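Working notes, structure below.
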Amino acid sequence: MNTEKAYEAARGLYAAYGVDTDAAIEKALAVPVSIHCWQGDDVGGFENPDAGLTGGIQTTGNYPGKARTADELRRDFDKVLSYFPGKTKLSLHATYLDTDEKVDRDALEPRHFAPWVRYAKERGIGLDFNETYFSHPLSGDFSLSNADKAIRDFWIRHTKCCRTIAEYFGRELGQTCYTNLWIHDGCKEAPIDKLAPRKRLEESLDEIFAQPVDPRYTKDSLESKLFGIGSESYVVGSHEFYLGYCTKHGRLLTLDSGHFHPTEIISAKIATALLFVPELVLHVSRPVRWDSDHVVVMDDELQAIMNEIVRNGFEDRVHIGLDYFDASINRIAAWTIGARNARKALLRAYLEPVGLLKQLERDGDNTSVLALSEELKSLPWGIVWDVLCEKAGKPVGRAWLDDAKVYEAEVTSKR
Ligand code: RNT
Ligand code: ZN
């Protein structure tokens, strides 16, 4: 059967549930997905290529061909863009500056990121931003919560610089730049004084946010974490800390799939958090037994996250970002697999007859809710996905992989 005929059949099957597949495709394409730059070079950045990765995160694998310069990273990301349908943003870390100048993190300026703005403009994509507190001589175990005021002040200055850069991104590109603060501070053993670092972190954040920035152009979001390598017992910026801080101060909260106890899922937190914080940023990742940042696959949690957004109409309040880094396979493929999966799961969420299921639930017909939810799983969403890719002018099915292999042979394998 050709695609057209198969799609007609699928359209009919979904219509029987009251779902318009054409509309689902349009909606799924319109939701921005913010793709992280750091899958392309194992979170290395271009500030100091020899600095190791610190902050308790780790990439594993040494697959050849990682991007060594900003130009290489952009060229690789162009490949990802050519495989990825729908509205896209690129999420940069502060260590991805593109300049010949030697500049420390507390002196970063918009001009150090100008090539990225040009790149984003040319491709019609938005930019998001992340302060980088790790992989620096002053990172240590504590940055914004350090007992040493001089170190705290350095990181406060860094954050302020980054907010100015984020504001510039947003202004230049005409869309809000979501700026994520992930502060790795923590300890291997539980400290006796768990309070003082948290007080200091709160004070540092208050000082940072006293700097006015235009919320049309940038909004800050705070990412909690349960543990890291070397900070197994205590993380200053825990979930409770930020849920409290963001609720109190009306700030955005970032939920990363890998930052909770292994059986805790962020899909279950979205509707609660949004009762108390204005907006959420998501770091969609895949933890395997720990915060391992495996490539996002189509698992139940990915689907549950997207369903939660769509079922509640949270598209304007939940900002989907990706966060994984796999150095054991072709990096462009890793990037693409996870990003396409995010869009696929969004599409499936829009193919759900939400109104019907909610009505059945309100009527107390839980039998039908479960029965239909299970029947829906075997509807032919795959063909709707193919049509989505076609409509967006992106490769259908495995075609992208064939192209990625050619690029690997011709470009990345020669690095
Ligand atoms: C670390 C956090 C954080 C980083 C990136 C590189 O556990 O998830 O978001 O992955 O900032
Ligand atoms: Zn994260």
Side-chain angles (χ1 to χ4, degrees), residues 33-47 51-60 66-67 73 89-97 105 127-136 139 141 143-144 155 158-159 162 166 177-186 220-232 234-239 241-242 252-262 264-266 269 273 280-296 301-302 305 318-327 331 334-335 338-339 342:
V33 172
S34 182
I35 306 181
H36 54 310
C37 72
W38 52 92
Q39 167 58 62
D41 73 333
D42 312 342
V43 209
F46 311 115
E47 175 191 64
L53 182 56
T54 74
I57 54 175
Q58 218 164 63
T59 49
T60 48
K66 79 168 175 191
L73 191 70
K89 296 178 92 180
L90 171 63
S91 183
L92 293 173
H93 243 287
T95 37
Y96 287 73
L97 70 172
R105 290 198 202 161
L127 289 176
D128 288 322
F129 203 41
N130 300 261
E131 283 85 358
T132 314
Y133 302 98
F134 51 88
S135 302
H136 183 279
S139 297
D141 288 341
S143 60
L144 282 174
W155 292 114
H158 169 64
T159 314
C162 287
C177 169
Y178 290 89
T179 307
N180 184 59
L181 291 81
W182 170 60
I183 297 142
H184 59 275
D185 298 22
D220 305 274
S221 191
L222 295 157
E223 182 178 10
S224 71
K225 187 162 177 171
L226 178 68
F227 80 98
I229 299 175
S231 58
E232 288 83 358
Y234 174 76
V235 170
V236 182
S238 61
H239 181 54
F241 178 89
Y242 286 126
L252 282 65
L253 178 70
T254 300
L255 298 174
D256 181 308
S257 326
H259 288 195
F260 295 88
H261 289 281
E264 252 183 299
I265 45 180
I266 64 168
K269 301 179 186 297
L280 292 174
V281 168
L282 301 185
H283 271 190
V284 179
S285 190
R286 180 166 56 104
V288 177
R289 307 194 195 286
W290 71 289
D291 181 33
S292 59
D293 291 291
H294 277 57
V295 175
V296 166
E301 171 59 356
L302 177 67
I305 289 168
V318 178
H319 310 286
I320 302 168
L322 307 178
D323 183 10
Y324 50 83
F325 26 99
D326 191 335
R331 291 173 185 79
W335 242 337

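Source: prediction; values computed, not measured. Side chains included, hydrogens not; waters and symmetry mates left out as well; all remaining heavy atoms used. Atoms within each ligand, like the ligands themselves, are counted from 1 in listed order.
Here the two rings, on Trp182 and His93, have centers that are 6.0 Å apart or farther. The aromatic ring centroids of Tyr96 and His36 lie 6.0 Å or more from each other. Remark: aromatic rings of Tyr178 and His319 are close, center separation under 6.0 Å.
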Give the intermediate values and the outcome of side-chain contact (heavy atoms from CB on, under 4.5 Å) for residues Glu47 and Arg105. CA-CA 9 Å; Glu47 175 191 64; Arg105 290 198 202 161; 2.8 Å; yes
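Protein heavy atom at the shortest distance from atom 9 (O) of ligand 1 is Glu223 OE1, 2.8 Å. Protein heavy atom nearest atom 10 (O) of ligand 1, with residue, atom name and distance: Asp323 OD2, 2.8 Å. In terms of protein heavy-atom proximity, atom 5 (C) of ligand 1 is closest to His93 NE2, 3.5 Å.
Which parts of ligand 1 touch His283 is read off a 4.0 Å heavy-atom cut-off, strictly below it: atoms 9 (O). Residue Asp291 has at least one heavy-atom neighbour below 4.0 Å for each of these atoms of ligand 1: 7 (O). Near Asp256, the atoms of ligand 1 lying under 4.0 angstrom from a non-hydrogen atom of the residue are 8 (O). Atoms of ligand 1 lying under 4.0 Å from any heavy atom of Ile57, numbered from 1 in the order shown and given with element: 1 (C), 7 (O).
Ser285 and Asp323 share no side-chain donor-acceptor pair at under 3.5 Å.
Looking at Thr132 against ligand 1, nothing comes within 4.0 Å, counting heavy atoms. Contact annotation: for His184 versus ligand 1, there are no heavy atoms closer than 4.0 Å.
Atoms CG and SG, on Leu181 and Cys162 in that order, are 8.5 Å from each other to the nearest 0.5 Å. Taking CZ of Phe129 as the reference point, atom CG of Asp220 lies at 11.5 Å (rounded to 0.5 Å).
For the pair Leu226/His239, no side-chain contact is recorded, criterion being any heavy-atom separation below 4.5 Å from C-beta on.
Protein atoms of type N/O/S that fall under 2.8 Å from the Zn ion (ligand 2) number 4 in this view.
Residues Val284 and Leu302 come closest through the heavy atom pair CG1-CD1, 3.6 Å.
Formation of a donor-acceptor pair under 3.5 Å by the Asp141 side chain with backbone atoms of Gly186 is not found in this model.
Polar contact check, Lys225 against ligand 1: a nitrogen or oxygen pair lies under 3.5 Å apart.
Of the listed residues (Asp42, Asp41, Asp326), just one forms a side-chain contact (heavy atoms from CB on, under 4.5 Å) with Arg331, and that residue is Asp42.
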